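I have placed the structure first, in the form of C-alpha cells, so that the comments after it can refer back to it.
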2 protein chains.
Amino acid sequence: MSSTKQTADSGHGSSSRRAELLALAGRLFAERGFKSTTVRDIAEEAGILSGSLYHHFDSKESMADEILRSFLDELFGTYREIVARDLGPRKTLEAVVATSFEAVHNHHDEVAIFQNEAKYLVQFPRFAYLAERNAEFHELWTSILSEGVRTGAFRADLDVELTYRFIRDTVWVAVHWYKPAGSLSADDIADEYLGIVLDGIAARRGRRPARKSAG
Amino acid sequence: MSSTKQTADSGHGSSSRRAELLALAGRLFAERGFKSTTVRDIAEEAGILSGSLYHHFDSKESMADEILRSFLDELFGTYREIVARDLGPRKTLEAVVATSFEAVHNHHDEVAIFQNEAKYLVQFPRFAYLAERNAEFHELWTSILSEGVRTGAFRADLDVELTYRFIRDTVWVAVHWYKPAGSLSADDIADEYLGIVLDGIAARRGRRPARKSAG
DNA sequence: GTCTATAGATAGATAGAC
DNA sequence: GTCTATCTATCTATAGAC
C-alpha cells in the first residue's frame, strides 16, 4: 500500500495487470499446451522479460492454478443452480449442455486448459481439486441420465456410463474447433448438438421433424 | 550387413528391436504427450541410456513420424476400402465408425498421439501430411453425411459441417477413456455410439426400440 | 513493475570406446 | 547395440539494481 497502488482485490497483488497477464498466459496454455508454453513465451507476449513475471506470480504452475480454480468455481456454481431448479431430466440436460457450450464460448481458454492439461496437471498435489471436479462432473451427468431413464424421458436401454462419456466428451471437445468469433453462436451449436443427442441424425418416418430451442 | 544382422525390412535399420522401441515410445507419447516425454524417459523404459536410442533413430521427431505415418496409411487404406464397397450412406457410416473404434482398440497409442499431438507436430514441415490426413478425413465424413441427407437416410435439416465435427470428435475422444482390456469391446461401444448418433437418447413413443449391430 | 544477470536443472543430440 | 562422456541449448526461477 505504498508504491504499489491496487484496486480492491482478493488477497494477492492482483488488479488489472495481473488479470491481463493471466489472460495472456491462459491463451498460450490453451493454444500450445502448458508444458510447451515457456515462461519466456508468456513474458514476450506481454512485452516484458521472463524474470519480471515472477513479480506477479511465483511459478508457471501458479498461473494455471489460478486460471483453473476460478473458472471451475464459477462453472460448478452454475451447474448447481441448474440442478437446484429441478426441471426434470430432459430440461436439466438441455440446460447443462447449454451452459457448457456457453463456457466454451465465454471461457474458451479455460475450457481448453481443463480439457487438455488436467491429466498432466493433476499429478501435482496443488491440482488435486481437478480430480474432485471430474468426479463431481461424473455425478452430475449420471444423475441426470439415470433419472431420465427412470422417468421414461430417455431410452430404457441406455448405458448410462457410456452415454455420460459420450455427452461429456462431445460437449467439451467442441473447444478444439469452436471459434468465439464464428458465425454460429454457442446457443446455435448447443441446439444442433441437442438435436443429435436427443433425436439422432437418422431420418424419422413420420414423427417429430426438427426440434427447436427449448430455451 | 556385417555385424548388424537384420531381418528383411523396408529400408531403415528396422527389425524387432526397432519395433520394440517404437512401441515403447508410442506408449509414452500417448500417455504423457510428445513434448513431455523425454528421450531419457524412452531410453529408461527400454532399459538403455538415452544416447543409445540414437543408434536406432536420428531424433525424437523421427519416432513420432514413423509411428503416425504407418498408422495413418493403414487406417486410411481401410477407409478407402469401405467407401469402395458402396454400401450407401447409413451402412458406410456404420462401417467407418466401427473401423474407427477398432483403431482405438488395436492402435490405441497411435490414435491418442494423432488426437493429442497432431496440432503441435503439424507445425514441423516433416509432419505436413497430418494436415492432409485431416482434410481427407473431413472429405470422407462430409461425403457420407451429405449423401445421406440427399438420399433421405439422414435428417434433411442436418448441418453437415457441424455434424461432421460431432461425430469425428465422438469417435476419437473415446481414446481418452477406453481401455483395450476393459469389459466392453470396441464393437460394443461402436454399437452403443451408433445408437445414440443415429437415433438419439430420447425415448421413442412407438417405434424402433433398441438397435442391434448391423455389422 | 521491469530489467540485468545468472544460477541450477534438464533437454536433445553427438563422438568414440567397447 | 549399448555405454561413457559431454556439448549446446533452453528451461524455470532467483537476486538485486533501477
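Numbers restart at 1 for each chain; the letters A, B, ... are given by sequence-line order, proteins then strands. Treat the numbers as computed from the prediction; the structure is a model and nothing was measured.
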B:Glu44/B:Arg40 salt bridge by N-O under 4.0 Å criterion: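 B:Glu44 and B:Arg40: not salt-bridged.
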Would you mind reading off the distance between [X] atom [atom1] and [N] atom [atom2], rounded to a whole angstrom?
{"X": "B:His56", "N": "C:dA13", "atom1": "NE2", "atom2": "P", "result": "15 Å"}
{"X": "B:Glu61", "N": "C:dA11", "atom1": "CD", "atom2": "C1'", "result": "14 Å"}
{"X": "A:Leu28", "N": "D:dT12", "atom1": "CG", "atom2": "P", "result": "12 Å"}
{"X": "B:Lys60", "N": "D:dA9", "atom1": "NZ", "atom2": "C1'", "result": "14 Å"}
{"X": "A:Asp58", "N": "D:dT14", "atom1": "CG", "atom2": "C1'", "result": "12 Å"}
{"X": "A:Phe124", "N": "D:dT12", "atom1": "CZ", "atom2": "C1'", "result": "12 Å"}
{"X": "B:Leu53", "N": "C:dG12", "atom1": "CG", "atom2": "C1'", "result": "11 Å"}

Side-chain N or O of [X] closer than 4.0 Å to phosphate OP1/OP2 of [N]:
{"X": "A:His55", "N": "C:dG1", "answer": "yes"}
{"X": "B:Tyr54", "N": "C:dA13", "answer": "yes"}
{"X": "B:Arg18", "N": "D:dG1", "answer": "no"}

Just say parallel, tilted or perpendicular for the rings of A:Tyr193 and B:Phe166, cut-offs at 30° and 60°.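 Geometry flag for B:Phe166 against A:Tyr193: tilted rings.
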If we count only N and O atoms by modelled type, under 3.5 Å, do the side chains of B:Tyr79 and B:Ser100 hold a donor and an acceptor together?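 B:Ser100 and B:Tyr79 do have a side-chain donor-acceptor pair below 3.5 Å.
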The side chain of B:Ser59 lies closest to which of these nucleotides: D:dT12, C:dA13, C:dT2?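 Between D:dT12, C:dA13, C:dT2, the one nearest the side chain of B:Ser59 would be C:dA13.
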Only one of A:Phe137, A:Trp177, A:Tyr178 passes ring-ring contact (aromatic ring centres under 6.0 Å, His included) with A:Trp172; say which it is.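 In the set A:Phe137, A:Trp177, A:Tyr178, the residue that makes a ring-ring contact (aromatic ring centres under 6.0 Å, His included) with A:Trp172 is A:Phe137.
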Stepwise side-chain contact (heavy atoms from CB on, under 4.5 Å) test for B:Val173 and B:Gln115: CA-CA 8 Å; B:Val173 291; B:Gln115 283 311 293; 5.6 Å; no
What residues, two or more places apart in sequence or in another chain, satisfy side-chain hydrogen bond (donor to acceptor under 3.5 Å, both in side chains) together with A:Asn106?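 Checked A:Asn106 against side-chain hydrogen bond (donor to acceptor under 3.5 Å, both in side chains); zero matches.
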Identify, residue by residue, the members of residues 31-52 of chain B with a heavy atom below 4.0 Å from DNA chain D, and return them in order of residue number, or none.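 B:Ile48, B:Leu49, B:Ser52, in order of number.
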Sort out for me which residue in B:Phe29, B:Phe127, B:Phe34 forms a side-chain contact (heavy atoms from CB on, under 4.5 Å) with B:Glu117.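 That would be B:Phe34.
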